[in-house]
Amino acid sequence: MVKEQNSKSCSSIKEEDHEELNKETLEKQLQALPRENGWDGASLYLYKGFWCPSFAIRGVISSQTHFKAHEADIVLATIPKSATTWLKALIFSIVNRNRYKPEDNPLLKASPHDLVRFLEIDHYLNGAPDQNLDQLPQPRIFATHLPYASLPPSIKESKCRIVYACRNPLDNFVSFWHFVQMLEREDMQNILPIDEAYEKYCHGYYGYGPFWDHILGFWNMSLKEPEKVLFMKYEDLKGDVITQLKMLANFLGFSFTVEEEEGGTIEEIANLCSFENLKNLEANQKSSRRNNFGAPMNSFFRKGEVGDYVNHLTPSMVENMKKLIEEKLAGSDLIFEASSIIPKK
Ligand code: A3P
């Protein structure tokens with residue numbers, strides 16, 4: 001008995017030492033990475049070609065090392081402020097439409113961010129997964145902000161499906177800047193004014209930037225492996241949500257039946273997940289409840305419009321960003337029509 005206790009405590013000491021050693025090695029590795037200040041004064045690390053927020057880096061490394069994708073998994077990848085919340089709700093609704101009666105849909109009581117959680121900043125934030133991921137309802141749905149190149153290898157190697165969403169960078173920047181104003185985290189300092197944040201955005205200095213590498217990584221994969229990666233744009237969803245929903249459901253292997261189409265199931269999902277509906281639900285209005293990166297639950301719903309950049313950027317800021325978009329996405333055939341809206345001021 002005593003022997004057993006001794007051997008147990010020995011092994012746990014070893015584990016702790018091992019953990020300490022790992023932490024030490026990790027801290028050394030982090031110290032060697034190039035660093036920049038984000039718009040909120042918190043550090044960003046240049047990790048594998050993208051700017052990783054310091055609060056997320058351990059979860060990023062841990063999820064890359066340990067996450068094991070299943071073939072039936074669905075991974076929603078986005079750069080922050082590009083329809084993540086909307087697509088979490090839409091994908092959840094599509095795959096669970098036969099599981100709940102409309103009046104019992106969990107989206108009526110919980111934030112889309114509680115129902116579909118981020119790999120690196122929820123599940124793996126503290127190293128080991130926060131719950132047994134094998135016990136999640138099937139198909140498992142995960143979100144991530146990681147660029148394609150940095151996804152956990154098993155996501156790329158397995159047959160799981162990846163839905164990618166992005167947004168015209170002008171609106172993405174404006175949405176991001178407003179969002180940062182609402183964050184509260186210990187590592188934050190003063191938030192930059194919009195013109196200084198804009199300069200940083202154009203250099204790619206913000207969480208998961210630069211946008212061009214992020215967008216092109218998934219765009220190229222969606223062309224190469226269209227059954228693996230579905231590439232979506234916020235503006236297309238706003239333009240014709242029904243067509244986009246059908247495309248999304250087909251891609252996910254959850255196509256709508258003729259009866260469902262005729263019975264209005266697609267419209268029901270679109271309405272449930274609309275900006276106006278979700279924004280006004282109690283779970284999404286809570287300003288007192290914050291997630292792991294210090295965002296209050298109401299910060300995911302601001303204006304929900306295309307082209308709001310005209311109200312926040314000067315014509316020269318718009319012009320410069322348009323040139324940057326053209327230059328960075330040149331040769332890709334990828335265009336953001338919303339970028340052609342001209343500011344009035
Ligand atoms: P704005 O700041 O332009 O209003 P993310 O979900 O990736 O964090 O992005 C948030 C942006 O998407 C915000 O944009 C938010 O208002 C908008 N948004 C959130 N839910 C939406 C929905 N159901 N329909 C349309 N836009 C939505």
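Numbering of ligands and ligand atoms starts at 1, following listing order. In this chain, residues are counted from 1 in sequence order.
For ligand 1, the atoms closer than 4.0 angstrom to any heavy atom of G304 are 1 (P), 4 (O), 16 (O), 26 (N). For ligand 1, the atoms lying closer than 4.0 Å to a non-hydrogen atom of F300 are 8 (O), 10 (C), 15 (C), 16 (O), 18 (N), 19 (C). Every atom of ligand 1 with a heavy atom of C273 under 4.0 Å away is listed here by number and element: 23 (N). The atoms of ligand 1 that sit less than 4.0 Å from any heavy atom of Y234 are 12 (O), 17 (C), 25 (C), 26 (N), 27 (C).
Annotation: F118 is not in aromatic contact with Y124 [ring centroid separation under 6.0 Å not met]. For F179 and W39, the ring centers sit 6.0 Å or farther from each other.
Between I215 atom CD1 and N172 atom CG the span is 7.0 Å, to the nearest 0.5 Å. Rounded to the nearest 0.5 angstrom, Q285 CD and K279 NZ are separated by 8.0 Å.
Ion pairing of D114 with R289 is present here, as a side-chain N (NZ or NE/NH1/NH2) and a carboxylate O approach within less than 4.0 Å. Salt-bridge formation is detected for the pair E260/R97: a Lys NZ or Arg NE/NH1/NH2 atom is positioned less than 4.0 Å from an Asp or Glu carboxylate oxygen.
The side-chain heavy atoms of L115 and K88, taken from C-beta on, include no pair separated by under 4.5 Å. Residues M232 and D236 fail the side-chain proximity criterion, which asks for heavy atoms closer than 4.5 Å.
Scanning all protein heavy atoms for the shortest distance to atom 13 (C) of ligand 1 gives S175 OG, 3.6 Å. The protein atom (non-hydrogen) at minimum distance from atom 7 (O) of ligand 1 is T84 OG1, 2.6 Å. For atom 20 (N) of ligand 1, the nearest non-hydrogen atom of the protein is F301 CE2, 3.5 Å. For atom 6 (O) of ligand 1, the closest heavy atom belonging to the protein is T85 OG1, 2.5 Å. Among protein heavy atoms, atom 24 (N) of ligand 1 sits closest to W86 CD2, 3.2 Å. Nearest protein neighbour of atom 21 (C) of ligand 1, counting heavy atoms only, is F275 CD1, 3.7 Å. Among protein heavy atoms, atom 16 (O) of ligand 1 sits closest to R302 N, 2.9 Å.
At least one heavy atom of K81 lies less than 4.0 angstrom from ligand 1. Within the structure, ligand 1 has R167 among the residues with a heavy atom less than 4.0 angstrom away. Ligand 1 is never approached by F179 to a heavy-atom distance shorter than 4.0 Å.
Between K238 and ligand 1, a contact under 3.5 Å exists for no N or O pair. Below 3.5 Å of separation, one finds no N or O of L278 facing any N or O of ligand 1. Looking at ligand 1, you'll find an N or O of K303 within less than 3.5 Å of one of its N or O atoms.
Neither the backbone nor the side chain of A89 has a heavy atom within less than 4.0 Å of ligand 1. Here S82 has backbone heavy atoms under 4.0 Å from ligand 1, and that is the only part of it that gets that close.
A side-chain donor-acceptor contact under 3.5 Å links T85 and H113.
Geometric assessment of K328 against the ring of F211 yields a negative cation-pi assignment under the 6.0 Å and 45° thresholds.
D171 contributes no side-chain N or O that, together with a main-chain N or O of V306, makes up a donor-acceptor pair within less than 3.5 Å.
For the ring-ring contact (aromatic ring centres under 6.0 Å, His included) criterion with Y201, the lone passing option out of W51, W212, Y206 is Y206.
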